[in-house]
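Below is one structure, written out as structure tokens; comments come after it.
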Amino acid sequence: MTLTELKRAIQELPSDDRTVLASWLADMDGQTWDTEITRDFSPGGAGMEILGEVDAAIDRGDFQELE
């Protein structure tokens, strides 16, 4: 099924089914995001360098507290 066919099929769904589908897609997207964040901020992940930089800035006192 192509994306165009999928979009057309979704448009033909009853409103209640589209609402359920939208909720399901949002949940799936949230789970994907959570997985990516966990992977990025686990040892060896892409975000670990950033965390190291933040920790170093805090150790130097090079930050502003949030109000």
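Only a predicted model underlies this, so the values are computations on that prediction, with no experimental measurement involved. As a basis for the values below, the full set of heavy atoms in this structure was taken, side chains included, without hydrogen atoms, waters or symmetry mates.
- Residue Thr38 holds its OG1 atom at 11.0 Å from CH2 of Trp33, rounded to the nearest 0.5 Å.
- Residues Met28 and Val20 do not share a hydrophobic cluster, defined by chaining ILVMFWY side chains whose heavy atoms lie under 4.5 Å apart.
- Linking ILVMFWY residues whenever their side-chain heavy atoms come closer than 4.5 Å, directly or via other members, leaves Met48 and Ile58 in distinct clusters.
- In this structure the side chain of Thr4 never reaches within 4.5 angstrom of the side chain of Lys7, judged on heavy atoms.
- Leu51 approaches Phe41 most closely through the heavy-atom pair CD1-CD2, 3.4 Å.
- Side-chain N or O atoms of Ser23 include none that pairs as donor or acceptor with a backbone N or O of Thr19 at under 3.5 Å.
- In this structure, Leu21 and Asp17 have side chains that are not in contact, with every pair of non-hydrogen atoms separated by 4.5 Å or more.
- Distance check: Thr32 OG1 to Ile37 CD1 gives 12.0 Å after rounding to the nearest 0.5 Å.
- To the nearest 0.5 Å, atom CZ of residue Arg39 and atom CG of residue Asp34 are 12.0 Å apart.
- In terms of heavy-atom proximity, Gln11 sits nearest to Arg18 at O-NH1, 3.5 Å.
- The local environment of CD in Glu5 is crowded, with over 12 non-hydrogen atoms from other residues, nucleotides or ligands closer than 6.0 Å.
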